[in-house]
A.B. asks: 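One structure is given below, represented as structure tokens, and several questions about it will come after.
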Amino acid sequence: MTTGDIKPAHDFIRDIIRRDIQTNKYDGRVHTRFPPEPNAYLHIGHAKSIYINFSIANEFNGLCNLRFDDTNPTKEEQEYIDAIIRDIRWLGFDWGDRLHYASDYFEQMCEYAVQLIQKGKAYVDELTAGEIREYRGTLTEPGKQSPYRERPIEENLDLFKRMRAGEFPDGSYVLRAKIDMDSPNMNMRDPVMYRILRARHPRTGDKWCIYPMYDWAHGLEDSIEGITHSICTLEFEDHRPLYDWFLDELGIYHPQQIEFARLNITYTVMSKRLLLKLVQDKSVRGFDDPRLPTLSGLRRRGYTPEVIRNFCQHTGVAKANTTIDVAFLEHCLREDLNQKAQRVMGVLRPLRLVIDNYPEDQVEEFDAMNNPEDHATGTRKVPFSRVLYIEQDDFREEPPPKYYRLAPGREVRLRYAYFITCVGITKDERSGEIVEVHCTYDPATRGGDASDGRRVKSTLHWVSARHALEAEVRLYDLPFSKENPMDVEEGTDFRAYFNPNSLEVLTSCRVEPALADVPSGSRYQFERMGYFCVDPDSSPGKLVFNRIVSLRDTWLKIQKQQE
RNA sequence: UGGCGAGUUGUGUAGCGGUAGCACGAAGGACUUUGAAUCCUUUUACCCAGGUUCGAAUCCUGGCUCGCCAGCCA
């Protein structure tokens, strides 16, 4: 697959928009928006929505707004506003001067509410929350009308004014739309429009003590901003008749809502509420934990914005609920990083290797390619000496079938350096653990080629013990052990499937000296091991890398087959 | 047993009355100074049953299955 290709974007949303342009429905205009509630960090599911809204606007010469849906101050915080802005910028999207807030429209919304009251289409109710729930009926039984439903218009006007003025305690009154308590659509059974809520709002402070409900506010926000296509997720499908009702009763500009299926990925959870739980119970270290599908987590892990954009583009847009295989995300990662990441040698689990016939004090430098996918990146020098570290996995005393790496008596290549042959091992007398491998090298293979045409079956990465830098490497595995962690057995919680081995910290890794001053966030391929990103915890004295993703590993597959 | 929506290979997606395509995955092979990358080959699908039609994944009818909805959350 070539995720870099430009797909002739053709999905049901773009079909609708093309049709609307042809019929001149909105004077040919296309104006979308991404409307997050600032109550949590964004995750890759949001990235899909962001991608759809911004790229559609871009494709059709339209605009896309960023609008915070800040209608519930009990859950929303400035920290989230800041994080969301940072994440969308990082993804590479720009909303120009069109950063809006639902709270900018509170006054206008109140005026609309008064209009509805005046039309006899809204009333102040004083049923308790519990009573409202009872009166609403169930999915199969119709609701009952509130005894306050037929209050005179003047009284409603007065009460609503006093609700706003702060004359009543929290929860004592609500403003409800007067629609249809018998509707088979629960959303139409006189939904609440305003509640009394004394909470400090991140932007309006204590100015308001009544706040609009999402269902009331959302359609108005889109209308006020002149949005043409209000793209949202499937669960809002049966709210659409309600938005339509509000807009039509008010007689104001009417965008078209289009719903698409939200993104799911195997072995993770894609819900703000659940991600918050993992953070709160310290299963992970924060919203930016590299195991989480949050944008800040993926960024810290080492994802590039391009990976996420490609992924979003190629997962498509549809109305059927689907779950993408996490392997596809990893594919997108490797595809991008393979092009971009500088190659380097790093040993994760070091095993001492001594070249018996190499002069004690000699040091050589070999030229290593920075990126074979991009020769313009040039080469660097890698020091070589008598004592090296190789990967523990790259030596077996008793090699299994199809194992090509180093074993007693076997010859392999050290990348860019020499052919070496294993001539012996040293074991710890007590534990029996191999502590050192002894080899001889063939000076005629300098640079890694045998002039006599001799071949070896494998090439190992290595670092010079004297020159290597110590590093910490954090290995990540899937955050959950179950394909769908939401599919919980009774009495358990999705956290029962949290993968306790999703983080493994290796503290005695060795990397080549070229990595001495790497900046936080830079990405490398440790040859044969995977892609790694410098963590913010890293410093020149104490390097810390996150493994972004391993390389595809054929040997691992062979081993699994052999089991 | 109310309403809304959705069913194309293991996964995701195309198709819009005329040979079911693409990508991921999987399996095999070529190449290889990364068991990577790259290249080649193979593999499996139209939810079911009727109907319309020369011809149906596509249109019609009926069923089945799955998702969402009973916050003063969004």
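In what follows, chains carry the letters A, B, and so on, assigned in the order in which the sequence lines appear, proteins first and then strands, with residues in each chain numbered from 1. The structure displayed is predicted, hence computed values, not measured ones.
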A.B. asks: Polar pairs (N or O, both sides) under 3.5 Å between protein and nucleotides 39-45 of chain B?
C.D. replies:
none

A.B. asks: Taking only residues two or more places apart in sequence or in another chain, which ones pass side chain to side chain donor-acceptor pair (under 3.5 Å) with A:Y211?
C.D. replies: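 Side chain to side chain donor-acceptor pair (under 3.5 Å) check on A:Y211 returns nothing, list empty.
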A.B. asks: Hey, could you give me the CZ/CG distance between A:F480 and A:L274, rounded to the nearest 0.5 Å?
C.D. replies: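 One gets 7.0 Å once the value is rounded to the nearest 0.5 Å.
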A.B. asks: Could you work out, with side chain to side chain donor-acceptor pair (under 3.5 Å) as the rule, every residue matching A:S230, not counting sequence neighbours?
C.D. replies: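 Residues passing side chain to side chain donor-acceptor pair (under 3.5 Å) with A:S230: A:D222.
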A.B. asks: Return a single string for nucleotides 16-22 of chain B, one symbol per nucleotide in 5' to 3' order, where B is base contact, S is sugar-phosphate-only contact and - is none, cutoff 4.0 angstrom on heavy atoms.
C.D. replies: B------
A.B. asks: Name the pairing partner of B:C59, where a pair is Watson-Crick or G-U wobble with both distances under 3.5 Å, or state none.
C.D. replies: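 The base-pairing partner of B:C59, which may sit in any strand shown, is B:G51.
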A.B. asks: Can you confirm whether A:D20 sits close enough to A:H229 that some side-chain heavy atom of one is under 4.5 Å from a side-chain heavy atom of the other?
C.D. replies: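 In contact.
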A.B. asks: With heavy atoms under 4.0 Å as the rule, sort A:A318 into base, sugar-phosphate or nothing.
C.D. replies: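 Since only primed, P, OP1 and OP2 atoms lie under 4.0 Å of A:A318, the category is sugar-phosphate.
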A.B. asks: What salt bridge (charged side-chain N to carboxylate O under 4.0 Å, His left out) pairs are there with at least one residue in residues 366-379 of chain A, not counting sequence neighbours?
C.D. replies: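 Qualifying pairs: A:D367-A:K381.
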A.B. asks: For B:G10, what is the paired nucleotide under Watson-Crick or G-U wobble rules, both distances under 3.5 Å?
C.D. replies: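 The answer is B:C24, by the H-bond criterion.
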A.B. asks: How would nucleotides 69-74 of chain B be written as a contact map, 5' to 3', with B for base contact, S for sugar-phosphate-only contact and - for no contact, using protein heavy atoms under 4.0 Å?
C.D. replies: BBSBSB
A.B. asks: Is there a Watson-Crick or G-U wobble partner for B:G17 with both distances under 3.5 Å, and if so, which one is it?
C.D. replies: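 Its partner: none found.
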A.B. asks: My understanding is that only residues two or more places apart in sequence, or in another chain, count here; which of them pass salt bridge (Lys or Arg N to Asp or Glu O under 4.0 Å) with A:R380?
C.D. replies: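 So A:R380 forms a salt bridge (Lys or Arg N to Asp or Glu O under 4.0 Å) with A:E512.
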A.B. asks: For B:G71, which nucleotide in any strand shown is its Watson-Crick or wobble partner with both distances under 3.5 Å?
C.D. replies: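 In the structure as shown, B:G71 has no Watson-Crick or wobble partner.
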A.B. asks: Does A:R200 have any side chain to side chain donor-acceptor pair (under 3.5 Å) partners at least two apart in sequence or in another chain, and if so, which?
C.D. replies: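 Here the qualifying residues are A:D206.
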A.B. asks: For A:D487, enumerate each residue passing the side chain to side chain donor-acceptor pair (under 3.5 Å) test, keeping only those at least two apart in sequence or located in another chain.
C.D. replies: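 Residues passing side chain to side chain donor-acceptor pair (under 3.5 Å) with A:D487: none at all.
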A.B. asks: Flag the pair A:E259 and A:R240 as a salt bridge only when some basic side-chain nitrogen lies within less than 4.0 angstrom of an acidic carboxylate oxygen.
C.D. replies: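 Looking at A:E259 and A:R240, the cut-off is met.
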A.B. asks: Kindly give the atom pairs (protein nitrogen or oxygen, nucleotide nitrogen or oxygen) under 3.5 Å for nucleotides 35-37 of chain B.
C.D. replies:
from  : atom 1 : to     : atom 2 : distance (Å)
B:G35 : OP1    : A:R528 : NH1    : 2.8
B:G35 : O3'    : A:T554 : OG1    : 3.4
B:G35 : O2'    : A:T554 : N      : 3.3
B:G35 : N7     : A:R405 : NH1    : 2.5
B:G35 : O6     : A:Y404 : N      : 2.9
B:G35 : N1     : A:K402 : O      : 2.8
B:G35 : N2     : A:K402 : O      : 3.3
B:A36 : OP1    : A:T554 : OG1    : 2.4
B:A37 : O2'    : A:N338 : ND2    : 3.1
B:A37 : O2'    : A:E373 : OE2    : 2.9

A.B. asks: Quick test of your reading: applying side chain to side chain donor-acceptor pair (under 3.5 Å), list the pairs with at least one residue in residues 180-192 of chain A, sequence neighbours left out, ordered by first then second residue.
C.D. replies: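 Of all non-adjacent pairs touching residues 180-192 of chain A, those that pass side chain to side chain donor-acceptor pair (under 3.5 Å) are A:Y123-A:D190, A:R149-A:D190.
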A.B. asks: Suppose the criterion is side chain to side chain donor-acceptor pair (under 3.5 Å): which pairs have a residue in residues 263-273 of chain A, not counting sequence neighbours?
C.D. replies: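 Side chain to side chain donor-acceptor pair (under 3.5 Å) check on residues 263-273 of chain A returns A:N39-A:K272.
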